[in-house]
Trainee: 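One structure coming up, written as structure tokens, with questions to follow.
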Amino acid sequence: MRTFLSALLTLIAMAAIVVALPSMWVSQRIVDDDGFVSVVAPLAHDAEVQDYIADEITAQVSSRVSFPGASAVIAPVAENYTKSPQFPADFTDLVRQEHAWLFDPAPSGSADQTMQLDITAMVNRALEGANLPFTVSVDGPIQVEMTERGLEAGRYHLIGTQITTIGYVSVAVAVVAGLLALIIARRRGTVLIWLGIGALPAALACWLVALNATTIVDRQVSSSGSDNTVVRLTTDALADDLTQWSVIAAIAGAVVMVVGLIARVAFRGPARM
């Protein structure tokens, strides 16, 4: 009976591990605001992102002045700003806006509204101290509309909440089932080996998702031009982070397997699991 219960609990723990790893990554790196920012905010140092924001600032300011050739004057100012020490903090605020738009509950009547990012602070920061031959008056917020399908307000609020719940429940099940299996088992080393093996398909699943991240995102978000560059870079950053999680999980699983093998050798006896 002990052998059967231990084997059953071990299988439950292994299944829970396979579910827990990708679910917790989504919860901690996409659904969680700080986790998402920690992965995406470093893109402020990417030249393509800097060029994209500089182009947006140039276009928005040029459209608000009647000075001939304004874009040629604004462009170097905007480029200097995106390469300045002030830009990363402002870009982080922009990333938080993006996350809130997708994962916070959609305001009443805005569920089908595409993403709008407020770059007023960026524009004002770029113009501070700039010796321009004209005066720019910013009336109200300067918003950049992201026209891609799949970026509607609150689109991922419900699914994000559900995945977070699944992640925490699966972790709890894995921990409880694994501990009970170890307590009940006659050969705890064998249980450890199988728990370590359980981490390997979880790591493999995460690695495969990271490898095909672009295809997965393309099915959810349709984009083109400069906006597509930003989406691609964000996807690449998230995929790299998921790959790191998969490698760590695989190493952890291998370590647990080795510990189990050592335990089996050290405590080898006639009793079965």
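In this text the structure is predicted, and so the values were computed from the model without any measurement.
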Trainee: Find out whether Thr214 and Arg232 are in side-chain contact, i.e. whether some heavy atom of one side chain is under 4.5 Å from a heavy atom of the other.
Mentor: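 No, every pair of side-chain atoms sits at 4.5 Å or beyond.
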
Trainee: Between the side chain of Arg264 and the main-chain N/O of Gly189, is any donor-acceptor distance below 3.5 Å?
Mentor: no

Trainee: How about Arg155 and Trp101: do any of their side-chain heavy atoms sit closer than 4.5 Å?
Mentor: no

Trainee: Return the orientation label for the Phe87 and Tyr81 ring planes: parallel under 30°, perpendicular over 60°, tilted otherwise.
Mentor: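 Judged by the thresholds at 30° and 60°, the geometry between Phe87 and Tyr81 is perpendicular.
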
Trainee: I'd like to know if the side chain of Asn212 and the backbone of Thr215 have a donor-acceptor N/O pair within less than 3.5 Å.
Mentor: no

Trainee: Quick one: NZ on Lys83 to CD on Gln50, what's the gap to the nearest 0.5 Å?
Mentor: 5.0 Å

Trainee: To check you understand the geometry: which heavy-atom pair defines the closest contact between Ser27 and Tyr168, and what is its length?
Mentor: OG-CE1, 4.2 Å

Trainee: Give the ring-plane orientation class for Trp25 versus Trp245, where under 30° counts as parallel, over 60° as perpendicular and anything between as tilted.
Mentor: perpendicular

Trainee: Should Leu242 and Leu238 count as side-chain neighbours, where that means a heavy-atom distance under 4.5 Å?
Mentor: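 With C-beta onward as the side chain, the pair stays apart.
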
Trainee: Between atom OG1 of Thr164 and atom CD1 of Ile159, what is the distance when rounded to the nearest 0.5 Å?
Mentor: 9.5 Å

Trainee: Gln60 and side chain to side chain contact (heavy atoms under 4.5 Å, CB included): which single residue from Thr120, Ile142, Ile74, Asp55 fits?
Mentor: Ile142

Trainee: Please report the interatomic distance CD1(Ile12) to CD1(Ile17), rounded to the nearest 0.5 Å.
Mentor: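 These two atoms lie 12.0 Å from each other.
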
Trainee: Determine whether Leu117 and Gln143 satisfy the following criterion, side chain to side chain contact (heavy atoms under 4.5 Å, CB included), listing intermediate values before the conclusion.
Mentor: CA-CA 5 Å; Leu117 300 178; Gln143 294 182 328; over 6 Å; no

Trainee: So, taking the atom named CG in Leu180 and the one named CG in Leu5, what distance separates them when rounded to the nearest 0.5 Å?
Mentor: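 Between Leu180 CG and Leu5 CG, I get 10.0 Å after rounding to 0.5 Å.
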
Trainee: Where do Ala54 and Thr82 come nearest, in terms of heavy atoms and distance?
Mentor: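 Scanning both residues completely, I find the closest heavy atoms to be N-CG2, 3.8 Å.
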
Trainee: Starting from the C-alpha separation in whole Å, work towards a yes-or-no answer on salt bridge (Lys or Arg N to Asp or Glu O under 4.0 Å) for Glu128 and Arg125.
Mentor: CA-CA 5 Å; Glu128 284 178 359; Arg125 191 96 65 188; 5.0 Å; no

Trainee: Are Val26 and Ile216 grouped together when hydrophobic residues (ILVMFWY) are joined by side-chain heavy atoms under 4.5 angstrom apart?
Mentor: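 Yes, because Val26 and Ile216 connect within a single hydrophobic cluster, where side-chain heavy atoms sit under 4.5 Å apart.
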
Trainee: Is there a path of hydrophobic side-chain contacts, each under 4.5 Å between heavy atoms of I, L, V, M, F, W or Y residues, that connects Leu43 with Ile30?
Mentor: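 Same cluster.
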
Trainee: Taking the side chain as C-beta and beyond, is there a heavy-atom pair between Ser170 and Val173 under 4.5 Å?
Mentor: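 No - every pair of side-chain heavy atoms lies 4.5 Å or more apart.
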
Trainee: To check you understand the geometry: which heavy-atom pair defines the closest contact between Arg188 and Ile183, and what is its length?
Mentor: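 Shortest heavy-atom contact: NH2-O, 3.2 Å.
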
Trainee: When clusters are formed by joining ILVMFWY residues with side-chain heavy atoms under 4.5 Å apart, either directly or through shared neighbours, do Ile166 and Val176 land in the same one?
Mentor: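 Different clusters.
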
Trainee: Between Val18 and Val247, is there shared hydrophobic-cluster membership here, with clusters defined by ILVMFWY side-chain heavy atoms closer than 4.5 Å?
Mentor: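 No, it is not one cluster - the side chains of Val18 and Val247 are not joined through contacts under 4.5 Å.
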
Trainee: If every non-hydrogen atom of Ser23 is compared with every non-hydrogen atom of Ile163, which pair is closest and at what distance?
Mentor: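 Scanning both residues, the minimum pair turns out to be O-CG2, 3.7 Å.
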
Trainee: Testing the basics here: between Pro42 and Val39, what is the closest heavy-atom pair and its distance to 0.1 Å?
Mentor: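 Looks like CD-O, 3.4 Å.
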
Trainee: Ion pair present between Arg29 and Asp34, side-chain N to carboxylate O less than 4.0 angstrom?
Mentor: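 Not counted as a salt bridge, because no side-chain N and carboxylate O are separated by less than 4.0 Å.
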
Trainee: Is the shortest side-chain heavy-atom distance between Leu192 and Met257 below 4.5 Å?
Mentor: no

Trainee: Kindly give the heavy-atom pair with the smallest separation between Ser6 and Val191, and that separation in Å.
Mentor: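 Looking at all heavy atoms of both residues, the shortest contact is OG-CG2, 3.6 Å.
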
Trainee: Less than 4.5 Å apart, any side-chain heavy atom of His157 and any of Asp104?
Mentor: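 No, their side chains stay 4.5 Å or more apart.
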
Trainee: Should Leu200 and Leu261 be counted in the same cluster of Ile, Leu, Val, Met, Phe, Trp and Tyr side chains packed under 4.5 Å apart?
Mentor: yes

Trainee: Do Phe36 and His99 have ring centres separated by under 6.0 Å?
Mentor: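 Yes, they do, as the ring centres are separated by less than 6.0 Å.
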
Trainee: Is there a side-chain contact between Val144 and Gln116 (heavy atoms, below 4.5 Å)?
Mentor: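 Val144 vs Gln116: side chains apart.
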
Trainee: First locate atom CD1 of Ile57, then atom OH of Tyr52, and finally report the distance between them rounded to the nearest 0.5 Å.
Mentor: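 It is 11.0 Å, given to the nearest 0.5 Å.
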
Trainee: Out of curiosity, Leu182 CG to Thr10 OG1, how far, rounded to the nearest 0.5 Å?
Mentor: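 Answer rounded to 0.5 Å: 7.0 Å.
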
Trainee: State whether a side-chain donor-acceptor pair under 3.5 Å links Ser62 with Ser71.
Mentor: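 Per modelled atom types, Ser62 and Ser71 side chains form no pair under 3.5 Å.
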
Trainee: How far apart are the C-alpha atoms of Leu94 and Ile53, what are their side-chain angles, what is the distance that settles it, and do they pass the side chain to side chain contact (heavy atoms under 4.5 Å, CB included) test?
Mentor: CA-CA 11 Å; Leu94 201 66; Ile53 298 297; 3.9 Å; yes

